[in-house]
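Everything numeric here is computed off the predicted structure, so don't read it as measured data. Just so it is clear: chains get the letters A, B, ... in the order the sequence lines come, proteins before strands, and each one is counted from 1.
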2 protein chains.
Amino acid sequence: MVGYVVYGRGSFNQLDEIIAPNRTDDLPIIFLVDHFFHDKALVRRIPLQGHDKIVFADVTYEPKTSQVDAVAQQLKDEFGKISGIVGIGGGSTMDLAKAISLMMNNPGSSADYQGWDLVKHHGVYKVGIPTLSGTGAEVSRTCVLTGPAKKLGMNSDFTPFDQIILDPELTTNAPVNQRFYTGMDCYIHCIESLNGTYLNEFSKSYGEKALQLCRNVFLEKAKWDDESDDQLMMASYAGGMSIAYSQVGVAHAVSYGLSYLLGTKHGIGNCIVFDKLDEFYPAGVKEFKKMVGKNKIDIPQHVTKGLSDAQFDTMINVSLGMKPLWENAIGKDWEKKMTREKLRKLFEQL
Amino acid sequence: MVGYVVYGRGSFNQLDEIIAPNRTDDLPIIFLVDHFFHDKALVRRIPLQGHDKIVFADVTYEPKTSQVDAVAQQLKDEFGKISGIVGIGGGSTMDLAKAISLMMNNPGSSADYQGWDLVKHHGVYKVGIPTLSGTGAEVSRTCVLTGPAKKLGMNSDFTPFDQIILDPELTTNAPVNQRFYTGMDCYIHCIESLNGTYLNEFSKSYGEKALQLCRNVFLEKAKWDDESDDQLMMASYAGGMSIAYSQVGVAHAVSYGLSYLLGTKHGIGNCIVFDKLDEFYPAGVKEFKKMVGKNKIDIPQHVTKGLSDAQFDTMINVSLGMKPLWENAIGKDWEKKMTREKLRKLFEQL
């Protein structure tokens, strides 16, 4: 788990002080910043020292292993070693920062480590500062990457951040649609985790809390305010913690296939899929549709229309490769229940 | 925060595997075990290797700085260095294990570090395995010690355990009274935290979850079963996390005075005090009395009867020394509101 957690409005202002004890000699700290902030005031608040550098992360598409390898190589070429990396942005930036940290100290390509417990060495000091709430990437032990063969995280004890700074002020100006899609990632996490077969009291406690916060933010409150940002940031954190002892389920397994092929971003991809999962999560899907309505969001339809058989096969292969997700969702005999034909029909509905 | 958390029934069986990567050369692991388990089967399940040693902790009274210093010195005399320390027991054993770990690497007496952020060096590798749920000592950044001048913890970033193993099976055979008193420590934490002025959304989320679990276990469930143990262990964990960004309040401030003078154990001391705090926590005290009734527990009365003025003064001094607790409970101007006279009257009621 993340060893150091700072939560509070304005805590971003403590960044310089927080990272100071982790600077090694005069090796730089790299600030990996979501390109969304390129011309925003937040960039000017980054406490640069010495050889520190801001690197903007292009998160137009989901993070790729090639992208991780390229940035890590570039940093090695330019600096040899670095003191650490600070990711500032949404879930993609969080995952990129974690992966780049690991690849500064592990040989080969990040694609070699897509899986469970394949990473062998600590990364460099890594800090996560989310500017969108919902993915739980700030606390998870994975960093989801699209590689040459699969979309799968580097799941390991070395993957979590050393430090996170949870400052709800940073999420204030998030675009409404994106905020919703990302918030729904958390909601969907919770439904998948609480309905999963892997559940224990640890995951249940966190999942229930995150779910309650999501409901408050997206259904019960009359309008969006500071408290909404505060609560959604905690929902994201608790939702991420819930996954520590559980797993996500059908929505994630299917949306991974979708985004592997089409590059659909994770939050919106989950929404597109979850919208059609009445069979697996009837109460959750009903409540989700209420949230969609209340927040006046359009969920894209027919995104798989006109795809070829080969393309459907690609999505099906990626999706069925997510074995722990399926097992959590529908039990040990999931392969009997979720056939290729059935999954094809589901993909066709999206 | 604690970096490595294992939660699950039977997870104690993984202890050997969990500590293996943290053994240094052939330096021993010290298992500090609550003396309650001296003749119990649990002791035979401890995975001793090489020079490892079981040390029984006498927790008849609350942990003392002199006790910590003596055990640390004994370990230095016998082994020079150790690989780490594993605390197995209730809150007192947790606190002793954390303090001894720190004193293996910090000079002087543990009394020198009673306060906030005075500890300068990492302790040795430390693992907490609670066998009673409620104190939150398994996740807190303190270890409460009674010293020559005060009852106060070594609060620091170096204090939390490196690893905790939360195995609800270990709490199955706890004596009913002690289980209740210790569980109420969590309940009282939550009431104090949720009614405090320091509260933020982080602490609120954890506090609300812990409170809900306490209510389920002590009020709603018809009888005690495995789920009760599972949930109370999570309540303790969440209650401890809630304190990370908040503080306890009046009950703890007053009960610290009581146990400093009389050696009253923390859980029962909190109950004795909280029982009389209608003025500060009216709804909480009402619910507490319901829990006491339903669980058929007797709360000791008149424990301060016949004490001398000097003894009352000692309790008042220790209690008023807990400034952050009072400030959290009744605000920045607490010194005007909680006079020595008023506090004396409160102590006289106990």
Side-chain angles (χ1 to χ4, degrees), chain A residues 1-11 18 21-22 120 122 133 139 141 157-158 160-169 171 198-214 216-217 226-239 241-242 244-246, chain B residues 1-11 18 21-22 120 122 133 139 141 157-158 160-169 171 198-214 216-217 226-239 241-242 244-246:
Chain A
M1 288 180 181
V2 179
Y4 293 85
V5 177
V6 172
Y7 175 96
R9 300 204 142 254
S11 55
I18 288 168
N22 297 287
K120 292 285 174 271
H122 272 282
S133 297
V139 289
R141 75 190 282 285
D157 279 355
F158 301 117
F161 285 112
D162 299 295
Q163 166 89 54
I164 56 175
I165 299 177
L166 303 176
D167 180 352
E169 267 181 19
T171 66
Y198 286 6
L199 196 66
N200 68 6
E201 191 58 48
F202 186 95
S203 281
K204 187 163 165 256
S205 293
Y206 275 112
E208 286 175 346
K209 187 69 213 179
L211 189 59
Q212 183 198 37
L213 289 164
C214 285
N216 199 44
V217 163
D226 282 355
E227 191 191 55
S228 312
D229 285 318
D230 291 356
Q231 292 190 339
L232 191 55
M233 191 158 263
M234 274 312 295
S236 178
Y237 171 87
M241 295 290 279
S242 170
Y245 260 98
S246 178
Chain B
M1 289 180 183
V2 179
Y4 293 84
V5 178
V6 171
Y7 175 96
R9 299 202 144 254
S11 55
I18 288 169
N22 297 286
K120 293 286 173 270
H122 272 281
S133 297
V139 288
R141 73 189 284 284
D157 279 355
F158 300 116
F161 284 113
D162 299 294
Q163 167 88 54
I164 56 176
I165 298 176
L166 303 176
D167 180 352
E169 267 181 21
T171 67
Y198 286 6
L199 196 67
N200 69 6
E201 190 58 48
F202 186 94
S203 279
K204 188 162 164 260
S205 294
Y206 275 113
E208 287 174 347
K209 188 69 214 176
L211 189 60
Q212 185 198 35
L213 290 164
C214 285
N216 199 44
V217 164
D226 282 356
E227 190 192 55
S228 312
D229 285 319
D230 291 356
Q231 293 190 336
L232 191 56
M233 191 159 262
M234 275 312 295
S236 178
Y237 172 87
M241 294 291 277
S242 170
Y245 261 97
S246 178

>> So for B:Asp157, is it side chain, backbone, both, or neither that comes closer than 4.5 Å to the heavy atoms of chain A?
In response: both

> How long is the span from the CD atom in A:Glu201 to the CE atom in B:Met233, to the nearest 0.5 Å?
Replying inline: 11.5 Å

> Most heavy-atom pairs under 4.5 angstrom with chain B, which of A:Val6, A:Val2, A:Asp162, A:Leu166?
Replying inline: A:Val6

> What part of B:Val5 is in contact with chain A, defined as an atom under 4.5 angstrom from a non-hydrogen atom: side chain, backbone, both or neither?
Replying inline: both

> How about residues 204-213 of chain B versus chain A: which residues have heavy atoms under 4.5 Å apart?
Replying inline: B:Lys204, B:Ser205, B:Tyr206, B:Glu208, B:Lys209, B:Gln212, B:Leu213

> How many angstroms lie between CG in A:Asn200 and CE in B:Met234, if you round to the nearest 0.5 Å?
Replying inline: 8.0 Å

